[in-house]
Amino acid sequence: MKNLIRAFAAIMIVAVVLLFTTSRLNSSQGFSSKDTLTVYNWGDYIDPDLIKKFEKQTGLKVIYQTFDSNEAMMTKIAQGGTTFDVAVPSEYAISKMKEDDLLLPLDHAKIPNLKYIDPRFLNLSFDKNNQYSIPYFWGTVGIVYNPEMLGGKKITSWNDLWDKSLKNQILLVDGAREVMGMGLNSLHYSLNDTNEEHLKEAKKKLDRLTPNIKAIVGDEIKMLLANEEAAIGLVWSGDAAEIMWENEKLDYVVPKEGSNLWFDNMVIPKTAKNIKGAHEFINFMLDPKNAAQNTEYVGYSTPNKKALQYLPKDISKDTRFYPDSEMTSKLEVYENLGKKMLAHYNELFLEFKMHKK
Ligand code: N2P
């Protein structure tokens, strides 16, 4: 009898423990969409402390996921498997997502901090009246380089990169528009060129750069360049800023043939589950103190005019990262070239990558 009681007690204990753990598991995984906010952003593009601050302030749990190209982000959102409440596409991607009916119109009444954004970054052609998108960071594409590793040589143009002396010295960011753009710009063609002959010529020219290319990489490009693993990198401006904080020897240049000016913006995908929380998050990121903190952490250029006042002058007055309108007017913004042409750019870029291997 004693044994039976013991066995019964043991079963009861196991049952209670099981019940307890499953209910805990449920409550930690089973947030309702009202309790969570799913954010989809570029890698290395937010100060994690701000996520914690937002969670504390709102009681929401943030599920944070990252991507490293507009193309990857768009594919995932269009597939709809994971639903996101906030995403951060660049301008041509926003135009395409609008076309594909993937975005929700924003309620500006819920984003009062919009008033802090410099009007220069509002009402741009890819989203008139900011109906669907709110500026997050902006910048250019250019070359970061290490003069010391180049024997004091200065880089000023895309065509400098084809120099025979630069064997295995170049790292490229893994972006189809950026790399194809370098090929096109080096030939004085537009970054939005759709002429097949020009595109082929650009691809051929890129193939000829192969001996000088050490690797095509993601966010690790910053660490590699700061550690002097290569002398030259094709990068986004904010990555250059961060590299140069790490290693003061390096410099950043926007090549003289021209380059890209880009704008990354917060949007709410149509499949969002927490629309109220999404507006709260957008407004939170626009708070000038939060925007300044984010800018200092990430290294990219803020479109938030008021936030600039909280930043050290050596950041806000650096014209390499805060070029004025006169300088930016010479640069090109990527256009939405349409589904077919964007796929073609990707294809050519992939072929180039294969050629490299
Ligand atoms: C951050 C990448 C910024 C992307 N790692 C520029 N559109």
Side-chain angles (χ1 to χ4, degrees), residues 39-48 50-51 64-77 84 86-97 121 124 126-127 132-144 171-182 185 191-192 215-226 233-246 250 252 254 259-267 285 291 293-304 315 320-323 328 331-337 342 345-346 349:
V39 177
Y40 198 27
N41 201 353
W42 295 81
D44 289 351
Y45 221 29
I46 199 166
D47 178 350
L50 285 169
I51 300 178
Y64 194 79
Q65 291 192 30
T66 60
F67 56 84
D68 52 23
S69 74
N70 281 300
E71 287 64 35
M73 177 271 311
M74 284 193 280
T75 309
K76 192 145 177 192
I77 289 188
F84 296 101
V86 178
V88 191
S90 308
E91 64 305 297
Y92 72 95
I94 290 171
S95 157
K96 174 141 195 308
M97 291 169 92
F121 301 105
L124 299 178
F126 59 90
D127 185 25
Y132 295 94
S133 69
I134 303 292
Y136 185 68
F137 281 122
W138 67 283
T140 55
V141 166
I143 301 170
V144 70
L171 294 172
L172 302 180
V173 70
D174 194 2
R177 297 284 311 247
E178 285 71 19
V179 175
M180 280 302 292
M182 171 171 75
N185 269 169
L191 291 174
N192 298 306
I216 302 171
V217 286
D219 284 325
E220 63 273 29
I221 198 166
K222 290 180 277 188
M223 191 229 355
L224 293 169
L225 287 162
L234 165 71
V235 293
W236 291 297
S237 49
D239 281 3
E242 218 187 310
I243 294 163
M244 288 154 60
W245 290 343
E246 291 292 322
L250 279 77
Y252 177 71
V254 175
S259 189
N260 166 237
L261 171 70
W262 54 263
F263 308 96
D264 289 344
N265 306 263
M266 294 177 279
V267 300
M285 293 312 294
Q293 180 180 333
N294 206 24
T295 305
E296 265 204 85
Y297 183 92
V298 173
Y300 278 85
S301 312
T302 181
N304 193 309
I315 295 183
R320 288 171 303 184
F321 303 113
Y322 287 91
T328 55
L331 301 173
E332 264 184 303
V333 180
Y334 297 136
E335 279 163 27
N336 170 15
L337 304 174
L342 288 177
Y345 266 67
N346 279 341
F349 177 54

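First listed ligand is number 1; within each ligand, the first listed atom is number 1.
Every atom of ligand 1 with a heavy atom of Ser90 under 4.0 Å away is listed here by number and element: 7 (N). Per-residue contacts place Trp262 under 4.0 angstrom from the following atoms of ligand 1 (heavy atoms of the residue considered): 6 (C), 7 (N). Near Tyr45, the atoms of ligand 1 lying under 4.0 angstrom from a non-hydrogen atom of the residue are 1 (C), 3 (C).
Under 4.0 Å from ligand 1, not a single heavy atom of Phe137 appears. For Asp219, every heavy-atom contact with ligand 1 shorter than 4.0 Å involves the side chain, none the backbone.
Close N/O approach between Asp264 and ligand 1 is found [any backbone or side-chain N/O within under 3.5 Å].
At a threshold of 4.5 Å between non-hydrogen side-chain atoms, the residues Asn260 and Arg177 do not count as touching.
Among all non-hydrogen protein atoms, the one lying nearest atom 2 (C) of ligand 1 is Tyr300 OH, 3.6 Å. Atom 5 (N) of ligand 1 has as its closest protein heavy atom Gly43 O, 2.7 Å.
When Asn336, Leu337, Val333 are each tested for a side chain to side chain contact (heavy atoms under 4.5 Å, CB included) with Asn192, only one passes: Leu337. Of the residues Trp42, Tyr45, Phe263, the one that meets the side chain to side chain contact (heavy atoms under 4.5 Å, CB included) test with Tyr136 is Tyr45.
In terms of modelled atom types and a separation under 3.5 Å, the side chain of Thr66 and the main chain of Gly43 share no donor-acceptor contact.
Inspection of the Ser90 and Asp264 side chains reveals an N or O donor paired with an N or O acceptor under 3.5 Å.
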task = Give the C-alpha distance, both sets of side-chain angles, the deciding distance and a yes or no for side-chain contact (heavy atoms from CB on, under 4.5 Å) between Tyr334 and Leu191.
result = CA-CA 7 Å; Tyr334 297 136; Leu191 291 174; 4.0 Å; yes

